[in-house]
Each structure stands twice: as C-alpha cells, then as structure tokens.
Amino acid sequence: MAQAALRRLVPISQSLGVGQQRFQSSAASSLRLHHAQHPLLLYTASTPNGRKVSALLEELKTTTGLQYDVHKIDISKNTQKEPWFLKLNPNGRIPVLVDRNRENFTVFETAAILLYLEEYYDKQRVFTFDPTQEPNEYSEMLQWIFWAVEFKSMEDSDRCLVKVNRSEKS
C-alpha cells in the first residue's frame with residue numbers, strides 16, 4: 001500500500017521546480033484576474049504550503065486541462081492580514097482556493113485544499129484513491145498528505161520522498 005501511495009506522490013514532488021519563480025507580481029496578477037476567469041482562483045505565496053497546492057494544480061492542469069488563476073499574496077507586507085483576505089480565511093494564512101464553479105466556494109488550509117481538489121477535480125483518481133473501492137490506500141494517502149503538510153520546507157519533503165523511493169528499490 002505504501003508503495004502505491006508514494007508512486008502517486010512522486011509526480012507531484014517532481015513538478016515543484018524548487019527555486020523556480022512561479023508567480024507574477026501582484027499588479028500583473030490583479031490585471032490578469034479581471035481578464036481571466038478560470039474555474040479556480042488560488043491566493044498564495046512562494047512558501048512550502050503554497051507550493052504544495054500549486055504543485056497539485058499543475059499536475060491537474062497537465063492531466064485534465066484544469067485551468068486556474070493565481071493571485072500572489074505578499075506576506076512580507078502582511079497582505080494576508082488585511083480585512084478582505086480575512087473574509088476568505090479568518091486565520092489570515094495562505095493558501096486559499098476559491099472555486100468559481102461552486103458559487104465562489106472558499107477552501108483554506110493546505111491539506112483541506114489538496115483533499116478538495118482531489119475530490120472535485122481528480123475524477124479519474126490519478127492522484128487519489130477511491131475511499132470505498134480502495135479504503136486502505138485512501139487512508140494511507142490521507143496519512144501521507146497530513147505528514148507532507150507538516151514539513152517546514154519543501155526541500156526536506158523532497159529529500160525524504162527520494163530516500164523512500166530509493167529504499168523501495170532495495
């Protein structure tokens with residue numbers, strides 16, 4: 001079971017592109033938001049938790065064609081503590097996902113967003129397991145998601161996943 005769960009995590013960890021700039025400036029993002037109206041809107045920053053959600057969105061974009069918009073939050077200026085953002089997430093933390101297909105339904109907290117995306121946008125179960133057909137794998141997947149969200153840096157989780165994959169080959 002662990003091997004099956006890890007095989008589904010590896011594409012996500014490989015798509016992170018550690019060190020790559022994935023976001024435009026706030027001004028460019030704001031302009032783009034008014035023109036593009038993709039189904040999902042992600043409020044995020046280039047932090048470990050922000051990259052985790054971005055990685056899954058990129059994987060879903062590649063496998064299903066899912067399109068989304070990104071609005072960069074400048075956490076150095078405490079943008080996430082402004083009243084407009086606190087209406088989206090009372091905790092004042094990124095990431096936050098707004099699903100325009102569901103009357104602007106808002107999801108916050110990294111693990112909750114990952115599970116939401118898997119439930120509503122991974123219909124072919126490329127990155128998740130069916131809880132009724134594969135209950136053990138699904139439970140193990142949940143454990144890995146919550147474990148991964150706890151990492152303080154994505155570089156640590158990448159190294160750990162590489163070590164686990166190498167140990168499987170032994």
Next item on the list: Under the side chain to side chain contact (heavy atoms under 4.5 Å, CB included) rule, what do Asp130 and Tyr138 come out as? Steps first, then yes or no, please.
Entry: CA-CA 6 Å; Asp130 186 312; Tyr138 181 78; over 6 Å; no
Notebook entry, point to check: Does the pair Leu41 and Arg100 meet the rule for a side chain to side chain contact (heavy atoms under 4.5 Å, CB included), with working shown?
Noted result: CA-CA 7 Å; Leu41 171 58; Arg100 294 172 175 143; 3.6 Å; yes
Next item on the list: Please test Asn49 against Thr47 for side chain to side chain donor-acceptor pair (under 3.5 Å), starting from the C-alpha separation and ending with a verdict.
Entry: CA-CA 6 Å; Asn49 282 335; Thr47 64; over 6 Å; no
Margin query: side chain to side chain contact (heavy atoms under 4.5 Å, CB included), that's the test. Do Leu66 and Leu57 meet it? Break it down for me.
Written below: CA-CA 8 Å; Leu66 177 66; Leu57 282 167; 4.1 Å; yes
Next item on the list: Start with the C-alpha gap between Phe127 and Leu117, add the side-chain angles, then the distance that decides, and say whether side chain to side chain contact (heavy atoms under 4.5 Å, CB included) holds.
Entry: CA-CA 10 Å; Phe127 302 104; Leu117 289 170; over 6 Å; no
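The shortest side-chain heavy-atom distance between Asp99 and Val107 does not fall under the 4.5 Å cut-off. The closest side-chain heavy-atom distance from Tyr43 to Val70 is not below 4.5 Å. With a 4.5 Å cut-off on side-chain heavy atoms, Asp122 and Glu59 do not count as touching. Counting heavy atoms from C-beta outward, Trp147 and Leu142 have side chains that stay 4.5 Å or more apart. A 4.5 Å side-chain heavy-atom check between Glu134 and Met141 finds every atom pair outside the cut-off. Annotation: side chain of Tyr68 is in contact with side chain of Glu58 (closest heavy-atom distance under 4.5 Å).
The two residues Ala45 and Ile75 make their nearest non-hydrogen contact at CB-CG2, 4.3 Å. Between Thr106 and Leu88 the shortest heavy-atom distance is CG2-O, 3.3 Å. Scanning all heavy atoms of the two residues, the minimum distance from Asp69 to His38 falls at OD1-ND1, 2.8 Å. Minimum interatomic distance between Arg93 and Glu109 (heavy atoms only, all atoms of both residues): NH2-OE1, 3.9 Å. Listed here is the closest heavy atom pair of Asp74 and Thr79: O-OG1, 3.0 Å.
Distance check, rounded to the nearest 0.5 Å: CD1 of Ile145 to CD1 of Ile113 gives 12.0 Å. Atom CZ in Arg125 sits 8.0 Å away from atom CD in Glu119 (nearest 0.5 Å). Atom OH of residue Tyr121 and atom CG of residue Leu60 lie 10.0 Å apart, to the nearest 0.5 angstrom.
A cation-pi geometry, defined here as NZ or CZ lying under 6.0 Å from the six-membered ring centre and within 45° of its normal, holds between Arg102 and Tyr120.
A side-chain contact (heavy atoms from CB on, under 4.5 Å) with Thr44 is found for one member of Thr110, Ile94, Leu97 and no other, namely Ile94.
Phe108 and Leu86 are members of different hydrophobic clusters when ILVMFWY side chains are connected at heavy-atom separations under 4.5 Å.
A donor-acceptor pair under 3.5 Å is formed between the side chain of Ser54 and the backbone N or O of Gly50.
Tyr116 has its ring centre less than 6.0 Å from the ring centre of Phe105.
In this pair, Trp84 and His71 present their aromatic rings perpendicular. The plane angle is above 60°, beyond the 30 to 60° band.
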